[in-house]
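For ligands, and for the atoms within them, numbers begin at 1 and follow the listed sequence. Values in this document were obtained by computation on a predicted structure and should not be read as measured data.
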Amino acid sequence: MKYYSTNGKAPLADLHKAVVKGLAEDRGLYMPQEIKKLPKVFFDNIGDMKFQDIAYNVASAFFGEDVDLDSLMDLVYDTLQFDCPVVKVKDDIYSLELFHGPTLAFKDVGARFMARLLQYFIRQEGSHEQVNVLVATSGDTGSAVANGFLGVEGIHVYVLYPKGKVSPIQECQFTTLGQNITAVEVDGVFDDCQALVKSAFMDNELNQHMKLTSANSINVARFLPQAFYYFNAYARMKQLGLADRLVMCVPSGNFGNICAALFGHEMGLPISRFIAANNANDIFYKYLQTGKYEPKPSIQTLANAMDVGDPSNFARIYDLYGQSHERITSLISGATYSDDQIRETMRQCYKETGYILDPHGACGYQALVDGLKQGEVGVFCETAHPAKFKEKVDEILGIDVEIPERLAAFMRGEKQSVPMTKEFADFKQYLLSQ
Ligand SMILES: *Cc1c(COP(=O)(O)O)cnc(C)c1O
């Protein structure tokens, strides 16, 4: 399969190149040239299939031309060593829990899949040179990427994060791992971390010294595997006899997760319609209302993994529907919630149902409460375990959220990080000495 750039000015790339490069030369996002429809018999039987087998079928449609099928099977099973259950919250509203992976948030799937796919291509090349992944994080991405790449031979990961700006629960998920993961604690803000990574990619001397690549969330190997979740959601709802008029609601920030769901829809997944739930960063919501896409600086909110003022994957959605506002609005609607509304939703839902929402999932849940029509059944993504945002959730609900053992284990680990200034010269010197 070849991949083209959404900006249309870069040469076509094969999967290997699209994964290693991340972004196309014209700074556009890679899109597969073809989206294969899955056969009717697959959908007829999907209710009896388990998550891993469903995912393998989906992965074959995307990657089957470029990865031999035994390796792909191995890769999918290695990535999905956990479940993705659908849980009834109330009435016709169900939660798709995407937080049963190693770092308790949905980005685990894409990060692990990408790590293994990159390793597959490195092995195929027969190269013994170490590949170095640089990633800047404000929290969630760093933990997902670090854990996804942990122990993957031939690849070393440097996670750059802003000192004192990442919650202790998030920090321990990438600073206590050791092995092939190095946490770099930058005396600056997130933007400084990102600037260091960008400068490193552009520095000739550094690139001659070592092989550098990114694990950005726009990478095709990170965003496409998220489609697995939606096929599984459909399967589980079909098993319950509730899949006839399914509405899928996705709390969205950079729009990678919902974009993967829309790719699923293009492959024939019978979802009636989609809702993109935003926090106060309502750029996509405004686009749906007005037809104008107007990026803004992001606003800090309670659902901080969705604080994005210029969602990268909008370009993919726009391209997928031939830049037609009409086609987009006929399939996708929006919602936007302030921090006060998020708090109120979390309290209300807990009181009524006992279900503990995290601030991201709360946007999704409320969008279904507000938007579901008679006869429809709604599934929202619960994108993170509430314990990941324990400080906030405890305060809002007046409870003591239980910390799952996996997270507790990270918290017992010893923090190891390399202190770094925000000067590129210092970071470069450090990398050159590795
Ligand atoms: C990353 C993230 C989101 C937003 O997902 P996008 O793919 O960027 O739209 C929502 N919730 C949580 C917990 C996240 O980590």
Side-chain angles (χ1 to χ4, degrees), residues 29 84 95-111 113-114 135-148 166-167 169-170 173-174 190 215-230 248-264 274-285 287 295 298 301-317 332 334-337 342 346 356-367 380-390 392-393 407:
L29 276 61
C84 155
S95 169
L96 175 65
E97 296 185 345
L98 307 184
F99 57 67
H100 295 277
T103 74
L104 309 175
F106 80 86
K107 291 185 180 73
D108 282 333
V109 157
F113 192 90
M114 176 176 171
V135 62
T137 186
S138 54
D140 257 9
T141 298
S143 52
V145 169
N147 283 274
V166 170
S167 83
I169 288 183
Q170 285 177 323
Q173 291 181 306
F174 54 81
F190 170 68
N216 203 298
S217 71
I218 49 92
N219 198 294
V220 289
R222 275 196 60 197
F223 104 90
L224 277 175
Q226 292 162 6
F228 304 160
Y229 290 137
Y230 298 93
M248 198 72 231
C249 180
V250 187
S252 296
N254 214 15
F255 281 70
N257 201 7
I258 195 169
C259 193
L262 296 168
F263 271 69
F274 294 85
I275 304 176
N278 282 156
N279 57 24
N281 294 280
D282 58 358
I283 288 72
F284 186 76
Y285 179 80
Y287 163 78
S298 65
T301 78
L302 271 174
N304 61 11
M306 289 156 47
D307 293 348
V308 181
D310 185 5
S312 310
N313 286 291
F314 178 78
R316 283 202 169 105
I317 296 174
I332 315 167
T336 167
Y337 298 105
I342 291 173
M346 289 169 66
I356 303 172
L357 293 164
D358 97 292
H360 306 82
C363 297
Y365 170 80
Q366 190 61 41
F380 70 97
C381 296
E382 182 40 290
T383 47
H385 192 291
K388 272 205 108 164
F389 302 92
K390 180 171 169 58
K392 292 169 184 168
V393 174
L407 192 49

Output, or 'none' if empty, a list of ligand 1-protein atom pairs in which both atoms are N or O and the distance is under 3.5 Å, rounded to 0.1 Å.
from     : atom 1 : to     : atom 2 : distance (Å)
ligand 1 : 7 (O)  : Gly256 : N      : 3.1
ligand 1 : 7 (O)  : Asn257 : N      : 2.9
ligand 1 : 8 (O)  : Asn254 : N      : 2.8
ligand 1 : 9 (O)  : Gly253 : N      : 2.7
ligand 1 : 9 (O)  : Asn254 : N      : 3.2
ligand 1 : 9 (O)  : Phe255 : N      : 2.8
ligand 1 : 11 (N) : Thr383 : OG1    : 2.8
ligand 1 : 15 (O) : Lys107 : NZ     : 2.5
ligand 1 : 15 (O) : Asp140 : OD2    : 2.5

Any sub-3.5 Å donor-acceptor pair from [X]'s side-chain atoms to [Y]'s backbone N or O?
| X | Y | result |
| --- | --- | --- |
| Lys392 | Leu302 | yes |
| His360 | Ala384 | no |
| Asp358 | Phe389 | no |
| Ser167 | Gln170 | yes |

Please tell me if the side chains of Arg316 and Ile218 come closer than 4.5 Å, counting only heavy atoms from C-beta onward.
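In contact.
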Please report the shortest heavy-atom distance between Met346 and Leu357, naming the atom on each side.
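Nearest pair, atom of Met346 first, then Leu357: CE-O, 3.4 Å.
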